[in-house]
Amino acid sequence: MHEEIDANFLADLFNRIAILLEIKGEDRFKINAYRRVAESLEKETRDIFELYREGKLMEIPGVGKAIAQKISEILESGKLEFYQRLTSEIPEKLIYLREVPEMGPKRIKAVWEKLGIDSVDKLEQAARQGKLRDLPGFGPKVEQKILDAILAIKERRLNRRFPLGEGWKLSELVTGRLSRCNGVVMSSPAGSLRRMKDTIGDLDILVAAKTEAADEVIRAFTELDMVEEVMLSGPTKTSVRFKDDLQCDLRIVEPSRWGTALQYFTGSQQHNVLLREVALKNNLSLSEYAVTDKASGREIVCASEGEVYRILGMSWIPPEIREGTIEIKLALKDGLPRLVELGDIKGDLQMHSTYSDGRRSIREMAEKALLLGRSYMLVTDHSQGLGVARGLSIERLRNQWREIDKLNEEFEGKLVILKGAEVEVKADGTLDYPDDVLGQLDVVVASIHSSLRQDKDRLTERYLKAVTHPLVHILAHPTGRLFGVREGANADWDIIFNAAASCKTFLEINAHPSRLDLSERHIRQAHALGCRFVVSTDAHDLHEEDYMIFGVSQARRAWLEARDIVNTLPLKEFMAQLKR
DNA sequence: GCCGTTTTCGGCCCGACTGTTTTCAGTCG
């Protein structure tokens with residue numbers, strides 16, 4: 001009935017409600033309640049209509065009677081009276097002003113009431129005319145900051161997110177440089193990078209150093225080549241903007257307080273709020289500096305994160321799932337799953353060589369795989385039709401098999417190289433090698449590179465042909481998304497994942513940082529429908545074999561365990577899982 | 001608005017930094 005309404009739609013709505021209530025000056029706890037529900041809804045992959053029909057809306061973390069009723073009203077009527085009333089008081093348009101830094105609820109209310117400003121354009125105009133500086137809570141500096149920020153937004157330099165892989169590289173550069181400063185004991189990325197979100201909004205770096213060493217660290221940080229501008233700088237906290245417009249925050253703490261600091265700085269914010277509530281219930285107060293006994297005022301200093309969680313009566317929570325949903329509740333009763341770990345991965349199931357578009361020989365790729373402790377690898381050069389990637393004719397494919405046979409003899413079982421291919425699914429859904437060739441491969445990986453813009457029904461049909469094909473074992477980078485290049489394909493994933501589950505076709509979690517496909521959300525969705533997965537690097541060069549960590553992290557963010565991922569199995573057991 | 005092995009009512013995270021203040025409000029994370 002109301003096709004466009006789903007969990008994401010509701011999350012967006014509740015976020016908007018939170019902003020409007022803020023401007024209205026409502027109780028901050030009520031506002032937080034809406035924010036919390038919005039976050040839960042973003043994680044929710046069960047069908048919202050089904051939850052409603054089964055009376056299970058209140059199973060969503062943070063949803064109580066009032067919000068359950070509001071969700072019901074929307075699902076039934078497509079409307080929400082509460083929202084209509086709210087927006088008749090506070091114009092909906094004001095929400096966009098929230099995207100301008102320095103513009104919080106108080107200032108938005110001020111410009112709206114005093115100057116009738118309800119859009120970013122009007123705000124810019126007023127700032128140019130010097131009309132903002134005289135409002136209470138404003139001044140010439142704030143006015144200038146707002147003007148600069150609006151300009152940055154218009155040039156798309158602000159509110160941009162960066163792929164995890166880029167953040168990772170930069171964080172290694174920064175921590176590498178800072179750890180060479182005198183007195184630095186430890187350094188680590190924190191924030192969304194440590195939680196391994198597929199994109200990051202800013203880069204958070206934490207350094208443990210003696211107080212007297214802080215000056216040198218801050219200097220080294222602000223003088224990094226890639227720094228464009230120092231945004232703010234205090235004794236323990238410094239923020240800069242890099243030349244590529246990524247913002248980077250540095251915090252420096254005493255080594256003895258590393259545990260609480262790392263916990264705090266890793267977030268997420270919602271996770272911290274809930275964690276600190278647990279502390280209060282135990283008559284403790286948690287900050288980035290210590291756990292404090294409220295009764296005696298005594299500080300309990302934590303050098304490790306494990307201590308923080310232990311003092312609060314729960315097991316340590318992996319950063320990837322610190323999103324403020326149900327992880328704290330489970331940790332309190334020691335009920336967290338054992339998430340899949342990098343070390344669980346036994347084989348890499350998508351790797352390219354110089355036969356197609358890879359830059360290294362099979363031997364070189366294999367030697368690196370062995371070094372990484374893998375016990376098997378699947379060579380998946382492109383099939384003949386993919387000209388841009390120098391796809392293999394059947395004849396060249398057979399040559400490759402002979403080389404693989406020879407290499408396997410050499411490696412004497414220490415590493416087993418499997419024969420595979422990344423077979424193109426053509427626009428009509430047929431595969432790029434005939435069945436008799438596919439049948440001779442150890443593992444068949446199917447993927448779609450072209451015509452991703454087909455209409456939804458045709459594309460879904462094409463995917464279905466691929467995942468239901470009796471000789472296809474794995475669907476590679478299913479949605480085809482490429483950060484900064486294209487969104488994932490628009491297909492009916494429920495139908496495709498259902499088919500994959502029933503045909504025992506595995507879904508790839510492509511670990512390459514330009515892809516991370518499936519995304520966390522799609523992994524959750526597919527997992528709920530009974531799919532199993534593989535994590536593969538899609539390596540085209542030696543260093544890319546190290547990308548496995550990125551894929552494993554997405555699996556962890558989706559709460560997957562080793563048993564959900566087939567290439568955690570030793571070779572024999574893995575092969576036994578393949579459909580025949 | 002949510003939530004509960006100390007509560008169904010009375011709580012609800014905590015601190016850094018800046019700018020506008022003259023002791024603190026606003027924003028941010």
Side-chain angles (χ1 to χ4, degrees), chain A residues 14 17-19 21-23 25-40 57-58 60-71 82 97-111 132-146 149 159 190-192 195 200-204 206 230-239 247-253 257 260-261 263-292 294 308 312-313 322 324 328-329 332-333:
Chain A
F14 287 125
I17 289 175
I19 294 174
L21 290 177
E22 243 177 6
I23 298 169
E26 260 286 5
D27 176 60
R28 66 191 169 101
F29 302 111
K30 191 192 274 191
I31 293 161
N32 186 37
Y34 281 105
R35 286 242 154 81
R36 168 135 204 255
V37 169
E39 283 199 26
S40 296
L57 287 174
M58 282 169 71
I60 301 168
V63 173
K65 221 170 149 189
I67 291 185
Q69 225 152 48
K70 287 187 173 69
I71 296 176
F82 168 78
L97 293 179
R98 201 70 183 78
E99 284 163 27
V100 180
E102 308 296 325
M103 289 298 287
K106 298 280 160 54
R107 288 184 183 142
I108 292 176
K109 190 165 193 229
V111 298
L132 298 183
R133 60 183 66 190
D134 297 327
L135 296 175
F138 288 78
K141 288 199 171 162
V142 169
E143 190 178 70
Q144 189 58 48
K145 275 191 186 177
I146 288 171
N159 298 346
S192 48
R195 301 202 310 281
I200 60 165
D202 64 4
L203 183 58
D204 300 309
L206 184 65
V230 179
M231 300 172 71
L232 61 88
S233 189
T236 65
K237 180 179 172 180
T238 298
S239 293
Q247 185 183 323
C248 181
D249 299 338
L250 169 72
R251 287 284 295 254
I252 304 170
V253 298
R257 298 179 191 272
T260 41
Q263 191 291 310
Y264 157 73
F265 215 22
T266 298
S268 67
Q269 193 168 0
Q270 196 59 51
H271 175 85
N272 287 354
V273 168
L274 295 175
L275 197 65
R276 288 168 179 203
E277 277 180 22
V278 171
L280 287 177
K281 280 182 191 133
N282 291 300
N283 216 14
L284 301 167
S285 163
L286 170 65
S287 79
E288 58 262 54
Y289 298 109
V291 181
T292 308
K294 301 250 289 184
V308 181
L312 298 177
R322 295 184 195 170
I328 290 174
K329 218 171 172 176
L332 278 167
K333 46 183 188 189

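Every chain is numbered from 1 and lettered A, B, ... according to where its sequence line falls, protein lines coming before strand lines.
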d(A:L132 CG, A:Q144 CD) to nearest 0.5 Å is 11.0 Å
Take atom P in B:dC17 and the same atom in B:dC13, then report the distance between them in whole Å.
22 Å
Contacted region of DNA chain B by chain A, from 5' end to 3' end of the hits, cut-off under 4.0 Å to heavy atoms, spans B:dG1 to B:dG29
Please enumerate all residues that pass salt bridge (Lys or Arg N to Asp or Glu O under 4.0 Å) together with A:K30, with sequence neighbours excluded.
A:E26
Roughly how far apart, to the nearest Å, are B:dT6 and B:dG10 at atom C1'?
14 Å
Sugar-phosphate only, base, or nothing, as touched by A:G137 at under 4.0 Å among non-hydrogen atoms
nothing
Using the C1' atom as the reference point in each nucleotide, state the distance between B:dC9 and B:dG15 in Å, no decimals.
29 Å
With side chain to side chain donor-acceptor pair (under 3.5 Å) as the rule and sequence neighbours excluded, what pairs involving residues 278-291 of chain A come up?
A:R251-A:E288
Heavy-atom nearest nucleotide on DNA chain B for A:F82 versus A:F265: which residue maps closer to 5'?
A:F82
I'd like to know whether A:E102 forms a salt bridge (Lys or Arg N to Asp or Glu O under 4.0 Å) with A:K141, so could you lay out the CA-CA distance, the side-chain angles of the two residues, the decisive distance to 0.1 Å, and finally the verdict.
CA-CA 11 Å; A:E102 308 296 325; A:K141 288 199 171 162; over 6 Å; no
Checking all strands, does A:Y264 fall into the base, sugar-phosphate, or nothing category for heavy-atom contacts under 4.0 angstrom?
base
Partner of B:dC28 under the Watson-Crick or G-U wobble criteria, both distances under 3.5 Å, comes out as B:dG15
Give me syn or anti for B:dT20, where syn covers glycosidic angles within 90 degrees of 0.
anti
Please list, one pair per line, the donor and acceptor atoms closer than 3.5 Å that link side chains of residues 263-270 of chain A to other protein atoms, with sequence neighbours excluded.
from	atom 1	to	atom 2	distance (Å)
A:Q263	NE2	A:N272	OD1	3.0
A:Q263	NE2	A:Y309	OH	3.3
A:T266	OG1	A:R194	NH1	2.8
A:T266	OG1	A:L262	O	2.6
A:S268	OG	A:H271	N	3.3
A:S268	OG	A:R322	O	3.0

Quick one: label A:K70 by what it contacts on the DNA or RNA (base, sugar-phosphate, nothing), any heavy atom closer than 4.0 Å.
sugar-phosphate
Within the structure shown, what part of the strands sits under 4.0 Å from A:S268 by heavy-atom distance: base, sugar-phosphate, or nothing?
nothing
Could you tell me how far B:dT22 sits from B:dG26 if I compare only their P atoms? Round to whole Å.
14 Å
B:dT20 and B:dC28: how far apart are their P atoms, nearest whole angstrom?
15 Å
Under 4.0 angstrom, heavy atoms only, what part of the nucleic acid is A:D27 near: base, sugar-phosphate, or nothing?
base
Determine the contact category for A:L286: base if any of its heavy atoms lies under 4.0 Å from a base atom, sugar-phosphate if only primed atoms, P, OP1 or OP2 are that close, otherwise nothing.
sugar-phosphate
Which residues within residues 269-278 of chain A lie with some heavy atom under 4.0 Å of an atom in DNA chain B?
A:Q269, A:V273, A:R276, A:E277
Using modelled atom types and a 3.5 Å cut-off, is there a donor and acceptor pairing between side-chain atoms of A:E143 and backbone atoms of A:R133?
yes
Regarding A:V63, tell me which of base, sugar-phosphate or nothing describes its non-hydrogen contacts under 4.0 Å with the strands shown.
sugar-phosphate
Give A:R98 one of three labels, base, sugar-phosphate or nothing, depending on what nucleic acid heavy atoms sit under 4.0 Å from its own.
sugar-phosphate
Could you work out the separation of B:dG1 and B:dT8 based on their C1' atoms and round it to a whole Å?
15 Å
Touch class at under 4.0 angstrom, heavy-atom based, for A:K237 against every strand present
sugar-phosphate
Holding to side chain to side chain donor-acceptor pair (under 3.5 Å), I want the full list of residues that pass it with A:R276, two or more places apart in sequence or in another chain.
none
For A:P136, which contact category applies under a 4.0 Å heavy-atom criterion: base, sugar-phosphate, or nothing?
nothing
Donor-acceptor contact present, side-chain A:R98 to main-chain A:M103, <3.5 Å
yes
Hey, could you give me the CD1/CD1 distance between A:I60 and A:I71, rounded to the nearest 0.5 Å?
5.0 Å
When we call it a touch if two heavy atoms are under 4.0 Å apart, what does A:S233 touch: a base, just sugar-phosphate, or nothing?
sugar-phosphate
Mind checking the CG-CG spacing from A:D27 to A:N32? Nearest 0.5 Å is all I need.
10.0 Å
